[in-house]
Protein chains: 2
Amino acid sequence: MSDGRSGSGFGGESLLFLTDEQLRQGIEAMFFAYQGFTADPDRILAELAYGRAHHRAMHFINRAPGTTVNNLLSILGVTKQSLNRVLRALVEDGLVDSRVGTLDKRERNLYLTDRGRELEQRLSDAQRIRMRAAYKQAGPEAVQGFKKVLEAMMDADMRRAYADLREASQ
Amino acid sequence: MSDGRSGSGFGGESLLFLTDEQLRQGIEAMFFAYQGFTADPDRILAELAYGRAHHRAMHFINRAPGTTVNNLLSILGVTKQSLNRVLRALVEDGLVDSRVGTLDKRERNLYLTDRGRELEQRLSDAQRIRMRAAYKQAGPEAVQGFKKVLEAMMDADMRRAYADLREASQ
DNA sequence: CAGTTTATGTCAGCATTGTTGACATTCCAA
DNA sequence: TTGGAATGTCAACAATGCTGACATAAACTG
């Protein structure tokens, strides 16, 4: 594992020879970049006594209005109990509307209220500004590669969720 | 902010026109990919009653042996109190060695013990395997773009830390 | 159709890891 | 040498993971 090399065999099979050092750079880049990625919304959230968990919930409710708790937690990769706490706060504060399902009354369909949409917008805007700046700085070809590697890094079910979301917005 | 367009002006200045939708895909890719990125070490850590914080500390101590608490917390972006709790556990468990600084006795120089190196290796290996697979799947050109965008996404001080680490390993 | 099982969501309590505040020790500068 | 700054530790609190217990609704089974 730690011979500092990677590749399928002695040669020929793959053109990629990745040293442990190269891989470590990628790992560290991922770590540092994620800090920047979340920094701007985090600052806004801190003012409002909310956290990242609230942001994530609002993001995906906005993305798929009417989604259920069950669906949401599979996307977020947390337990329903953990998500529940966050949703309760958002509902109490009037940012999320939770309606008993019409077809299946066990389910709750989730929607952002006007105020919820407003905050989500504010958070997304902050995050998009950084994303846009990074994309511009890196250039168009880089963006392709960026997305490719990220997608390849996802677990299978997350890759599916990701594809579903993209297709959902036409 | 939300006109679905991005660019410096009406045209000509930039060749990149990024819709909010494109940016959102990047944001979601980042979120889902980070889950995958941390999933494998997380599984190992859970067995050992450690968390991500322990992994991060061990990673950077391994990367820069003899580093101080102060330096470490600036890299990790957490408070010294938060880091301290994690370090205390690692020292007690014999994975990290904390030596009073020779030049400045207020400082503590941190080193992995043999057992610490062993666990760090195990965690890194798991993470590298996924990274390597993602790189291979995405291809060499993609890797360049990936790193470029990530670096552009970092906060300035993290970009500096990232550069320092790379240079430190020749 | 009655009774049991499964699915969905809520409430309670615990663990990890972030935070701030108070403090001891050491260094440095006036 | 004395007061302030820097470094690190200890304590207590908050956010957000987790598991377990439970209520309700739906679905299945005989």
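Chain A is the first sequence line, chain B the second, and so forth, proteins listed ahead of strands; every chain is numbered from 1.
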Side chain to side chain contact (heavy atoms under 4.5 Å, CB included) partners of Asp97(A), counting only residues at least two apart: Arg99(A), Tyr111(A), Thr113(A)
Basic-acidic side-chain contact under 4.0 Å: Asp114(A), Arg117(A): yes
Residues Arg122(B), Glu47(B): salt bridge by 4.0 Å N-O rule: yes
Residue met sooner reading DNA chain D from 5', once Arg108(B) and His54(A) are mapped to nucleotides: Arg108(B)
Partner set under side chain to side chain contact (heavy atoms under 4.5 Å, CB included) for Asp42(A), not counting sequence neighbours: Thr38(A), Leu45(A), Arg52(A)
With sequence neighbours excluded, residues passing salt bridge (Lys or Arg N to Asp or Glu O under 4.0 Å) with Glu151(A): Arg166(A)
Distance, rounded to the nearest Å, where Leu87(A) contributes CG and dC11(C) contributes C1': 14 Å
Qualifying residues under salt bridge (Lys or Arg N to Asp or Glu O under 4.0 Å), relative to Arg106(B), sequence neighbours excluded: Asp104(B)
Set of residues satisfying ring-ring contact (aromatic ring centres under 6.0 Å, His included) with respect to Phe31(B), sequence neighbours excluded: Phe60(A)
Base versus backbone protein contacts along nucleotides 18-30 of chain C [heavy-atom cut-off under 4.0 Å; B, S, -]: BBBB----BS---
Start and end of the DNA chain D segment that chain A contacts, any atom under 4.0 Å from a heavy atom: dT16(D) to dA26(D)
With Asn70(A) via side-chain hydrogen bond (donor to acceptor under 3.5 Å, both in side chains) - residues at least two apart: none
Show me the donor-acceptor pairs within less than 3.5 Å that the side chains of residues 79-89 of chain B make with the rest of the protein, sequence neighbours left out.
| residue | atom | partner | partner atom | Å |
| --- | --- | --- | --- | --- |
| Thr79(B) | OG1 | Ser82(B) | N | 3.3 |
| Asn84(B) | OD1 | Arg88(B) | NH2 | 3.3 |

Distance-only side-chain donor-acceptor flag, His55(A) / Glu120(A), under 3.5 Å: no
Euclidean distance, atom CG of residue Leu48(B) to atom P of dA15(C) [Å, nearest integer]: 18 Å
Flag side-chain contact, heavy atom, 4.5 Å: Arg63(A) against Glu28(B): yes
Asn84(A) vs dG9(C): side-chain N/O to OP1/OP2 distance below 4.0 Å: no
Short N-O contact, Glu118(A) and Arg115(A), less than 4.0 angstrom: no
Listed partners of Tyr34(A) passing ring-ring contact (aromatic ring centres under 6.0 Å, His included), at least two apart: Phe37(A), Tyr34(B)
The helix from dC1(C)-dG30(D) to dA30(C)-dT1(D): angle between end helix axes, five pairs per end, rounded to 10 degrees: 10°
Atom pair distance, as rounded to whole Å: NE2 in His55(B) and P in dT17(C): 13 Å
Contact residues, residues 68-75 of chain B to DNA chain C [heavy atom, < 4.0 Å]: none
